[in-house]
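Okay, so here's the structure we're looking at.
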Amino acid sequence: MLSKKQTIEVLDVIAEMYPNAECELTHSNPFELLIAVVLSAQCTDALVNKVTPGLFEKYKKPEDYIAAPLEELEQDIRSIGLFRSKAKNIKKLSQSLIEQYNGEVPHERDELVKLAGVGRKTANVVTSVAFGVPAIAVDTHVERVSKRLGICRWKDNVREVEETLMKKIPVDLWSDSHHRLIFFGRYHCKAQSPRCETCPLLERCREGKKRLKAKGLL
DNA sequence: AACTCGGGGCA
DNA sequence: TGCCCAGAGTT
């Protein structure tokens, strides 16, 4: 496993590749971000961004989602996968915001995860992007990249990956590192076809060298 | 830990 | 066609 120092060095290289990595979900306030992140489960941000401009024009407050018939909300997000459960979750979530949080999006991760459709990953994104609270949201990209680079162990579960990252990365770099790891995972260290041939981290990546050897390229 | 949900994107 | 995708809930 990489040491703290090695982890920082690796993250510096990735930061050079993606100096402006940030959340790509279009939103203009915490509530919109929360909705966008919930919608983004198991589909790409690009797909969500096709729907949200019109959606946010029509639904501005939790009350608007509550007032709309379920079938209508489903129709408004139909082009996104899992739209049925997502529509239900958004209505439930809106109800909870009104009843328990005075219609506001709570700032605490522990409160956010109580909302329908909000898990640890979504809660971390909201707290960090909307409220500037340091957090590392571990999604499939962050997990895969961390394991391939040896920042954490292969057998680690999501919780362990998050703990390891928080331990090895200074708090003031948590949010930036999170977004950089996601960009690196999405655009370069891809799940199916990682671009190891052009990776500046190849020399330090056991997984990458193993892959290139298997392809006879090393 | 394994399974389910689901339409769009892409090879 | 077949496979995968910025996950979460249930069993």
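Small disclaimer: the values here were computed from a predicted structure and weren't measured. Order of the sequence lines fixes the chain letters, A, B, ..., with proteins taken first and strands second; residue numbering starts at 1 for each chain.
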Heavy-atom protein contacts under 4.0 Å, nucleotides 4-11 of chain B, coded B base, S sugar-phosphate only, - none: -BBSSS--
Side chain to side chain contact (heavy atoms under 4.5 Å, CB included) assessment of A/Val118 paired with A/Leu34: CA-CA 9 Å; A/Val118 178; A/Leu34 175 59; 3.9 Å; yes
Any donor-acceptor N/O pair, A/Lys168 side chain to A/Ile151 backbone, under 3.5 Å: yes
Rounded distance in Å - CD1 (A/Ile182) to P (C/dC5): 14 Å
Electrostatic pair A/Glu162-A/Arg109, nearest N-O below 4.0 angstrom: yes
A/Asn124 (side chain) donor-acceptor with A/Lys121 (main chain) under 3.5 angstrom: no
Worked check of side-chain hydrogen bond (donor to acceptor under 3.5 Å, both in side chains) between A/Asp45 and A/Ser40: CA-CA 6 Å; A/Asp45 283 8; A/Ser40 76; 4.5 Å; no
Rounded P spacing from C/dA8 to B/dG8 in Å: 22 Å
Distance, rounded to the nearest Å, where A/Leu25 contributes CG and C/dG7 contributes P: 11 Å
Nearest-Å distance for atom pair OH/P, residues A/Tyr187 and C/dC5: 15 Å
Residue mapping more 5' on DNA chain C - nearest nucleotide basis, A/Val113 or A/His179: A/His179
Whole-Å gap separating C1' (C/dG7) and CG (A/Leu112): 16 Å
Centroid-centroid distance, A/Tyr65 to A/Phe31, less than 6.0 Å: yes
Nearest-Å distance for atom pair CG/P, residues A/Asn124 and C/dG7: 14 Å
Touch class at under 4.0 angstrom, heavy-atom based, for A/Glu24 against every strand present: base
Touch class at under 4.0 angstrom, heavy-atom based, for A/Ala46 against every strand present: nothing
Distance, rounded to the nearest Å, where A/Leu34 contributes CG and C/dG7 contributes C1': 14 Å
Sugar-phosphate, base or nothing in reach of A/Val48, heavy atoms under 4.0 Å: nothing
